[in-house]
Number of protein chains: 2
Amino acid sequence: MTGQGARSRSAGRPTLEEVAARAGVGRGTVSRVINGSPRVSDSTRAAVEAAVAELGYVPNTAARALAANRTDAIALVVPEPETRFFAEPYFSDMLRGVGSELADTEMQLLLIFAGSDRERQRLAQYLAAHRVEGVLLVSVHADDPLPDLLAALDIPAVISGPRSAEETLASVDSDNYGGARSAVEHLLSRGRRRIAHITGRLDVYGAQRRVDGYRDALEAAGVRELLLEQGDFTEEGGRRAMSALLSRHPDLDAVFAGSDVMAAGARQVLREAGLRIPADVALVGYDDSAIARHMEPPLTSVRQPIESMGRAMIGLLQAEIGGEWGAGGPGGGPTSGSVVAVGAGGHRHEVLRTELVVRESS
Amino acid sequence: MTGQGARSRSAGRPTLEEVAARAGVGRGTVSRVINGSPRVSDSTRAAVEAAVAELGYVPNTAARALAANRTDAIALVVPEPETRFFAEPYFSDMLRGVGSELADTEMQLLLIFAGSDRERQRLAQYLAAHRVEGVLLVSVHADDPLPDLLAALDIPAVISGPRSAEETLASVDSDNYGGARSAVEHLLSRGRRRIAHITGRLDVYGAQRRVDGYRDALEAAGVRELLLEQGDFTEEGGRRAMSALLSRHPDLDAVFAGSDVMAAGARQVLREAGLRIPADVALVGYDDSAIARHMEPPLTSVRQPIESMGRAMIGLLQAEIGGEWGAGGPGGGPTSGSVVAVGAGGHRHEVLRTELVVRESS
DNA sequence: AGGTAGCGTGGGAGCGCTCCCACTGCGATG
DNA sequence: CATCGCAGTGGGAGCGCTCCCACGCTACCT
């Protein structure tokens with residue numbers, strides 16, 4: 001890519017020292033230029049930069065990490081066996097956001113799997129060894145020990161999907177409450193009144209918030225009766241919940257499912273019961289996944305700004321870590337349309353707006 | 001997690017030297033134990049291991065990388081803007097395979113995005129700096145300069161989805177030819193004779209191979225006429241191709257689409273034309289994605305063993321890099337049911353079997 | 001008996017950086 | 001005119017490891 005220039009001896013890649021020799025300055029000065037210190041005269045800086053370009057110098061990360069005692073790396077911890085959030089399109093979209101935000105940075109992204117006990121063991125070692133500056137946590141269970149471990153080791157972390165309203169880590173979330181509420185209000189505006197909700201697993205905070213949104217929307221509209229049935233985010237769970245609802249409330253006219261996958265399960269049961277969508281029962285999902293777009297009929301669903309959430313996670317982690325973060329400026333403010341609160345321990349919590357995507361199922 | 005033990009002075013984490021002192025041996029001996037050298041007596045080894053456990057010693061990666069001139073890291077390069085392969089469920093499944101295989105290893109996984117020019121520039125620097133032992137490449141275009149760069153820098157690499165039959169990098173692929181052939185043979189066995197194929201972008205080698213499989217299956221069955229139309233892996237492309245096919249061959253009785261997404265597009269056009277699936281026209285897709293399972297009717301599709309492909313990539317990369325790779329044994333043989341060939345430059349090419357998942361669309 | 005393999009071991013050198021202290025030279029100050 | 005402050009710079013020390021040479025010792029050879 002870049003010219004190689006004359007590389008005197010030492011077959012390997014050029015070192016700081018060689019750059020210094022070439023530019024006719026000392027090691028310290030080259031280091032200052034490389035790291036953007038202001039305490040260098042313009043002429044010297046230019047000379048060093050020329051030498052860097054001529055030699056194709058690239059700093060040795062290991063040496064830098066060793067000397068400076070920092071790693072310039074952050075980890076994204078992937079709870080592998082957990083299907084729901086690792087599933088599509090959640091994961092790759094989030095990664096996209098993380099990646100794009102990281103591009104302005106010197107940080108490298110480490111992917112760490114924490115599925116098996118063995119992997120979790122390794123992860124704990126990683127963290128104990130302070131091999132990363134910070135950690136990105138995705139979809140952690142309420143009873144996971146990892147957040148506490150991070151707190152104990154004093155490692156900056158951001159969690160996507162806070163575990164509760166009192167989340168002790170910095171967090172990024174989508175507005176589950178508002179998303180649910182908008183879905184239900186949409187159904188109300190379509191004239192539906194007997195609206196059921198198939199919830200996600202209620203040990204997931206986001207699922208609780210969706211229930212809250214559902215309840216408040218109905219309450220605000222003066223609808224008294226809540227038609228609730230617990231699902232578990234799976235298709236089979238959606239089927240079971242729908243069957244239960246149908247037998248208890250055969251006159252329901254709308255279903256708001258806590259996920260598209262559960263909506264798909266519900267749809268099957270509705271079909272088998274001879275109910276038409278949306279003529280007899282309107283159906284709304286959550287996630288706006290590929291399933292929603294390709295369902296028959298296409299499913300109205302709540303879209304979460306997942307890529308933005310990935311970006312926001314980096315923003316918050318940046319704030320948690322503090323310091324320079326390479327080239328980037330002050331790290332950019334919160335994502336537009338998001339709400340930021342500061343909780344216990346001074347950690348920030350960012351909640352991003354959702355969007356209802358209306359299709360033919362409602 | 002582990003007991004902290006008495007950490008004499010030096011607030012930081014214990015070093016090799018401290019372990020050596022504690023065990024009453026020299027630095028070199030501790031290093032040998034840590035790295036599993038056989039040239040250590042059992043008693044000494046035990047003493048060192050005890051000291052390691054007591055102090056909670058974890059080697060400093062940076063120091064090790066600097067001294068040994070290796071990084072113990074591999075990179076997964078993600079061509080971000082390229083939608084097709086980053087999309088579902090491809091990416092996360094592959095990651096799962098990579099992760100599970102990597103769990104037996106000391107290697108860490110670096111995720112590098114190569115979407116923007118800026119990112120590619122950074123990637124080139126990364127590679128030039130030899131910051132990774134090897135590279136995993138996913139879905140690279142035929143004209144991408146990256147593989148040549150890797151070859152020039154002599155960096156071990158494995159590509160998923162070879163660019164041609166003469167791929168110069170080690171590669172992992174699913175059996176596109178066999179998969180297509182089984183799909184078409186399935187349609188033939190259902191009595192269909194006028195079978196069309198909506199291809200993917202033909203600059204993608206895998207898409208070409210699917211065409212080959214389609215052609216050979218028909219030829220073997222004595223069917224002369226090929227009904228081919230080029231798509232581009234998108235839903236809109238599937239629609240266009242289906243329209244074209246329908247106007248040219250209104251009597252076709254089956255469609256084999258080169259991807260589920262294109263099948264979804266084709267399905268819309270078929271529906272609009274008043275054709276029933278599968279009564280009038282049978283439909284088969286490729287990828288066995290979430291779309292296939294949730295389509296109406298559920299779509300017969302060719303499943304690729306993507307997770308296994310991820311695993312296989314690590315296996316091949318291991319072979320390319322050579323050396324120890326941490327704890328793992330000889331790196332495991334090829335995945336069961338796969339075919340391994342050795343091509344130019346001694347690089348291995350592994351092709352994994354596909355599986356036809358029959359559903360109601362055919 | 002002396003010679004000589006090796007094994008198991010200790011520790012010096014050095015990987016390429018950053019940090020920081022010391023030094024120079026200059027203009028501002030008393 | 002001596003003194004100070006400070007921007008700009010050079011280079012020593014050291015980060016925690018691996019590599020490798022040298023050393024003592026035991027067992028076996030001649």
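Per chain, numbering begins at 1; letters A, B, ... match sequence-line order. Not measured: the values here are computed from a predicted model.
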Tell me the interatomic distance from [X], atom [atom1], to [N], atom [atom2], rounded to whole angstroms.
X	N	atom1	atom2	result
B:Leu16	D:dC19	CG	P	12 Å
B:Leu66	D:dC19	CG	C1'	13 Å
A:Arg131	D:dG16	CZ	P	15 Å
A:His130	D:dC15	NE2	C1'	16 Å
A:Arg45	D:dA7	CZ	P	15 Å
A:Arg64	C:dC19	CZ	C1'	14 Å
B:Glu18	D:dG16	CD	C1'	11 Å
B:Arg70	D:dC19	CZ	C1'	11 Å

- Assign A:Asn60 to base, sugar-phosphate, or nothing according to its heavy-atom contacts below 4.0 angstrom with the strands shown.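 The residue A:Asn60 makes sugar-phosphate contact but no base contact.
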- Query: What does A:Arg27 touch in the nucleic acid at a heavy-atom separation under 4.0 angstrom: a base, only the sugar-phosphate, or nothing?
  - Reply: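 Answer is base: heavy atoms of A:Arg27 come under 4.0 Å of a base.
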- About how many Å separate CD of A:Glu18 and CZ of A:Arg13, when rounded to the nearest 0.5 Å?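 Spacing of CZ (A:Arg13) from CD (A:Glu18) equals 10.5 Å.
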- Nearest heavy atoms of B:Met313 and B:Val158, plus distance in Å: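 The answer is CE-O, 3.6 Å.
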Check every atom of [options] against the side chain of [X] and return the nucleotide holding the closest atom.
X	options	answer
B:Thr15	C:dG8, D:dC17, C:dC17	D:dC17
A:Ala68	C:dC17, C:dC19, D:dC15	C:dC19
A:Arg39	C:dG14, D:dG8, C:dG8	D:dG8
B:Arg32	C:dG16, C:dT9, D:dT18	C:dT9

- Donor-acceptor pair, A:Arg22 side chain versus A:Ala51 backbone, under 3.5 Å?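 Judged by distance alone, no pair lies under 3.5 Å.
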At less than 4.0 Å, is any side-chain N or O atom of [X] found next to OP1 or OP2 of [N]? Yes or no.
X	N	value
B:Asn69	D:dT18	no
B:Ser41	C:dT9	yes
A:Ser31	C:dC17	no
A:Thr29	D:dT9	no

- Quick one: do the A:Thr44 and A:Arg32 side chains pair a donor with an acceptor below 3.5 Å?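 The answer is no; no qualifying pair exists.
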- Message: Under a 3.5 Å cutoff, is there a donor and acceptor pairing between the side chains of A:His349 and A:Glu167?
- Response: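 No, no side-chain donor-acceptor contact under 3.5 Å.
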- Query: On DNA chain C, nearest-nucleotide positions of B:Ala63 versus B:Pro38: which is more 5'?
  - Reply: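 By nearest-heavy-atom nucleotide position, the 5'-most residue is B:Pro38.
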